[in-house]
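Remarks on the structure that follows.
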Amino acid sequence: MEVEKMQAIIEAILFAAGRPVSQKELILSLEISEEDIKSIIAKMQENYQSQARGIEIVNIEQSYQLCTKKELYDSIYSILDKRNKPKLSNAALETLAIIAYNPKITRAEIESIRGVSADACVYKLLEYGLVEEAGKIDLPGKPMSYKTTSDFLRMFGYHSLEDLPELPRYKINENQQIVIDELIEQEKTEEISNTEIEKTEESNVIES
């Protein structure tokens, strides 16, 4: 089958599905290898970008979805969707971040981190489809755990949770508050010390 024909089939599948379509589904439909699927879609993604089109193919974990480009959201929203835009409070965003960095976390663990009840925030995130139940944990009471969804990845532009920004290192002071500034200053001091050591070693090599 010609590459152009396979591109047309993939485009039709993604358009008709209206959801993330897994690599496995595409492999079964086109009867080609995973490497070929990745190569063809990579070329399609490049074409969508270079031709200044209004759609793009996004990677979501091991799946693909045909989406409108993020920068065109305001124009599309005003025409097609009259619902209120989802609004997340700072508390909900904090809860979402905790779940994203800690898949299969329980409400009790979220509340332990935030120091306040997480019921309302978790309910709102479930309502928006940004988190989902991840199964019960083998602990007393069998508490339910939670994880983020593919909608979360798509909304925030991540291919997988591995793309999340690295968390800053921190320490806890005597008031049980997170302290980052002191650690950053400590790292600067360590960098200066390492630079001085390197200069000394270089000087010793020259002298020898």
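Note that the structure is a prediction, hence the values are computed from the model and not measured.
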Heavy-atom donor-acceptor pair, Glu111 side chain to Ser117 backbone, under 3.5 Å: no
Just by distance, do the side chain of Ser145 and the backbone of Thr106 share a donor-acceptor pair under 3.5 Å? no
For the residue pair Ser63 and Val21, establish whether any side-chain heavy-atom pair is separated by less than 4.5 Å. no
Check the surroundings of atom CD in Glu71: do more than 12 heavy atoms from other residues, nucleotides or ligands lie under 6.0 Å from it? yes
Polar side chain donor-acceptor pair, Ser39 to Asp36, under 3.5 angstrom: no
Side-chain donor-acceptor contacts of residues 4-19 below 3.5 Å, not counting sequence neighbours, with atom names and distances?
| unit_1 | atom_1 | unit_2 | atom_2 | d |
| --- | --- | --- | --- | --- |
| Glu11 | OE2 | Tyr48 | OH | 2.5 |
| Arg19 | NH1 | Glu25 | OE1 | 3.4 |
| Arg19 | NH2 | Glu25 | OE2 | 3.0 |

Quick one: do Ile99 and Ile137 end up in the same hydrophobic cluster if we chain Ile, Leu, Val, Met, Phe, Trp and Tyr together by side-chain heavy atoms under 4.5 Å apart? no
Testing the basics here: between Leu153 and His159, what is the closest heavy-atom pair and its distance to 0.1 Å? CD1-O, 3.9 Å
Evaluate whether atom CD of Glu2 has more than 12 neighbouring non-hydrogen atoms of other residues, nucleotides or ligands under 6.0 angstrom away. no
Do Ser22 and Gln62 make a side-chain contact, defined as non-hydrogen atoms from C-beta onward lying under 4.5 Å apart? no
Residue pair Ala118 / Ile110: nearest heavy atoms and the distance that separates them: CB-CG2, 3.7 Å
Would you mind reporting whether Thr148 and Leu130 have side-chain heavy atoms less than 4.5 Å apart? no
dist Lys136:NZ -> Met144:CE (nearest 0.5 Å) comes out at 5.5 Å
Tyr123, Ile113: one ILVMFWY side-chain cluster at the under-4.5 Å cut-off? no
Trace of the side chain to side chain donor-acceptor pair (under 3.5 Å) decision for Asn59 with Gln45: CA-CA 10 Å; Asn59 297 24; Gln45 290 173 320; 2.6 Å; yes
dist Lys142:NZ -> Asp138:CG (nearest 0.5 Å) comes out at 4.0 Å
For the residue pair Phe156 and Tyr158, does the interplanar ring angle fall in the parallel (under 30°), tilted (30 to 60°) or perpendicular (over 60°) class? parallel
Is there a salt bridge (Lys or Arg N to Asp or Glu O under 4.0 Å) between Lys38 and Glu35 once you walk through the steps? CA-CA 5 Å; Lys38 290 181 178 179; Glu35 290 72 20; over 6 Å; no
Scan residues 153-165 for pairs that pass salt bridge (Lys or Arg N to Asp or Glu O under 4.0 Å), counting only residues two or more places apart or in two chains. Asp151-Arg154
Side-chain touch Tyr146/Arg107, heavy atoms, less than 4.5 angstrom: yes
Hydrophobic cluster membership, with links at side-chain heavy-atom distances under 4.5 Å among I/L/V/M/F/W/Y: are Val3 and Leu26 in one? yes
What is the minimum heavy-atom distance between Pro103 and Leu161, and which atoms define it? CG-CD1, 3.9 Å
How close do Phe152 and Ala100 get, counting heavy atoms only, and between which atoms? CZ-CB, 3.8 Å
Quick check: do Ile55 and Lys69 have side-chain heavy atoms less than 4.5 Å from each other? no
Who passes ring pair (Phe, Tyr, Trp, His ring centres under 6.0 Å) against Tyr101, sequence neighbours left out? none
Which atoms form the tightest heavy-atom contact between Glu132 and Leu126, and what is the distance? CA-CD2, 3.8 Å
For Leu88 and Leu96, the nearest pair of non-hydrogen atoms, with its separation, is CD1-CD2, 4.3 Å
Calculate, to the nearest 0.5 Å, the distance between atoms NZ and OG1 belonging to Lys124 and Thr95 respectively. 13.0 Å
